[in-house]
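Treat the numbers as computed from the prediction; the structure is a model and nothing was measured. First listed ligand is number 1; within each ligand, the first listed atom is number 1.
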Amino acid sequence: MARPIRKAVFPVGGLGIRFLPATKAMPKEMLTVVDKPLIHYAVEEARAAGIEEFIFVTGRGKSAIEDHFDLSHELQQTLAAKGKTEEIEQLRSWLPGPGRVAYTRQQEPLGLGHAVWCARNLVGDEPFAVVLADDLVLSETPCLKQLADVHGETGGNVVAVTEVPRESTNRYGILDIANDDGRLVEVAGLVEKPDPAAAPSTLSIIGRYILLPQVFDRLARLKRGAGGEIQLTDALAEMIGAAPFHGLRFEGERFDCGSKVDYLRANIAFALDRDDLRSEVAAFLRSFCSDLALHDR
Ligand code: UTP
């Protein structure tokens, strides 16, 4: 029987260089899609997957994330004075309960693997989730819930995977496939950022993982890999064979919000998905596209 997934790690220690200057004084994970920060979606998704404890691996300049998941007495008082009770309720409704959030600092951004390793004492000896807030997934069933369900069946490591164009394999962790039933992929190997010509497939890991705690021992021994960083993918590759390891072609659409174009796409897709915004945004898009078509003629 697989143990339930109760804890999620949110690595938010990266520098967000591709989004400068927006990320100069603000964490990348606080960029908003429509009206919620990326990290807010990540925590909502985790909670919908049954997560009870939220572990953030932060870095310098990330205090806005801590404030976001805390009560703001000043704001509450100001809203109360204006009679905005609904807004007060709204703000309280999604806050994790007392003692449910933990923060640890990654003192240097040495890579995703290092960030996850920084959470080892907070996770302890149980399977856990890792959620990268800059990967946003629009789906019927929350992506992390889909992974947790697979872990419930296999008891092993599970990563969310999606096809990428071959020319982009050098931006992602790529799977070597042992078996593939079209939905679930048995993993034979993993390579971080392979050259397109050498990539064993075009199936890439996205920022959703269910991992066994043994990953911490592997991370502790790792040297720097691709890009001079301690890579999570390298530690995962070492675990293949020791326990079941699957990639799940999840149901849903993924937006890589670390890239500007995908970030803009995410704003449009999430707005179109909302009852309060869909018709106005669709009308605007239609008119925008017809103007564009005229202009291109
Ligand atoms: P990225 O590879 O997107 O890096 O990290 P980044 O620093 O955020 O952005 P760029 O490439 O400089 O524009 C993927 C995730 O891993 C976290 C990031 O915060 C992001 O959520 N991360 C990355 C860490 O927590 N620590 C690190 O050392 C590196």
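- Nearest protein neighbour of atom 21 (O) of ligand 1, counting heavy atoms only, is P11 O, 3.0 Å.
- When the heavy atoms of L132, L15, V131, V9 are ranked by distance to atom 15 (C) of ligand 1, first place goes to L132.
- At the top of the distance list for atom 16 (O) of ligand 1, counting protein heavy atoms only, stands L112 CD1, 3.7 Å.
- Using cut-offs of 30° and 60° for the angle between ring planes, the F56 and F10 rings count as parallel.
- Between G13 and ligand 1, at least one N/O pair is under 3.5 Å apart.
- Distance from atom 24 (C) of ligand 1 to its nearest protein heavy atom, with residue and atom name: G14 N, 3.4 Å.
- Side-chain atoms of R218 come within 3.5 Å of backbone atoms of E238 as a donor-acceptor pair (strictly under, hydrogens ignored).
- In summary, the atoms of ligand 1 found under 4.0 Å from a heavy atom of Q106, numbered by their order in the structure, are 24 (C), 25 (O), 26 (N), 27 (C), 28 (O).
- Ligand-side atoms of ligand 1 in range of V12: 19 (O), 25 (O), range being under 4.0 angstrom from any heavy atom.
- Two rings, from Y263 and F19, have their centers less than 6.0 Å apart.
- Each of the following atoms of ligand 1 lies closer than 4.0 Å to a heavy atom of D134: 3 (O), 14 (C), 20 (C), 21 (O).
- At a threshold of 4.0 Å, the pair K36-E44 counts as salt-bridged, since one of the basic side-chain nitrogens sits closer than that to a carboxylate oxygen.
- Using a 4.0 Å cut-off between a side-chain N of Lys or Arg and a carboxylate O of Asp or Glu, E253 and R265 qualify as a salt bridge.
- Although no hydrogens or angles enter the test, the distance criterion places no donor-acceptor pair under 3.5 Å between the side chain of R208 and the main chain of V130.
- No salt bridge links R221 with D217; every basic N to acidic carboxylate O contact stays at or beyond 4.0 Å.
- Within ligand 1, the atoms closer than 4.0 Å to a non-hydrogen atom of P109 are 28 (O), numbered from 1 in the order shown.
- For ligand 1, one of its N or O atoms has an N or O atom of E29 under 3.5 Å away.
- Per-residue contacts place L110 under 4.0 angstrom from the following atoms of ligand 1 (heavy atoms of the residue considered): 28 (O).
- The nearest non-hydrogen atom to atom 11 (O) of ligand 1, considering only Q231, R171, E108, R18, comes from R18.
- Annotation for E52: atom CD counts as buried by contact number, over 12 foreign heavy atoms lying within 6.0 Å.
- Between I17 and ligand 1, an N or O atom pair is found at a separation short of 3.5 Å.
- Interface atoms of ligand 1 facing A115, defined by a heavy-atom separation under 4.0 Å, are 24 (C), 25 (O), 26 (N).
- Neither the backbone nor the side chain of H114 has any atom closer than 4.0 Å to an atom of ligand 1 (non-hydrogen atoms only).
- A donor-acceptor contact shorter than 3.5 Å is absent between the side chain of N170 and the backbone of K193.
- In terms of polar-atom proximity, defined here as any N/O pair under 3.5 Å, K28 does make such a contact with ligand 1.
- The salt bridge (charged side-chain N to carboxylate O under 4.0 Å, His left out) check on E126 picks up R6, K7, with sequence neighbours excluded.
- Crowding of E163 atom CD: a count of heavy atoms from other residues, nucleotides or ligands under 6.0 Å exceeding 12.
- For the ring pair (Phe, Tyr, Trp, His ring centres under 6.0 Å) condition, the pairs that include at least one residue of residues 205-237, sequence neighbours left out, are F128-F216.
- The contact set between ligand 1 and G111, taken as ligand atoms under 4.0 Å from a residue heavy atom, comprises 26 (N), 27 (C), 28 (O), 29 (C).
- For ligand 1, one of its N or O atoms has an N or O atom of G16 under 3.5 Å away.
- Using a 4.0 angstrom heavy-atom cutoff, G258 does not count as in contact with ligand 1.
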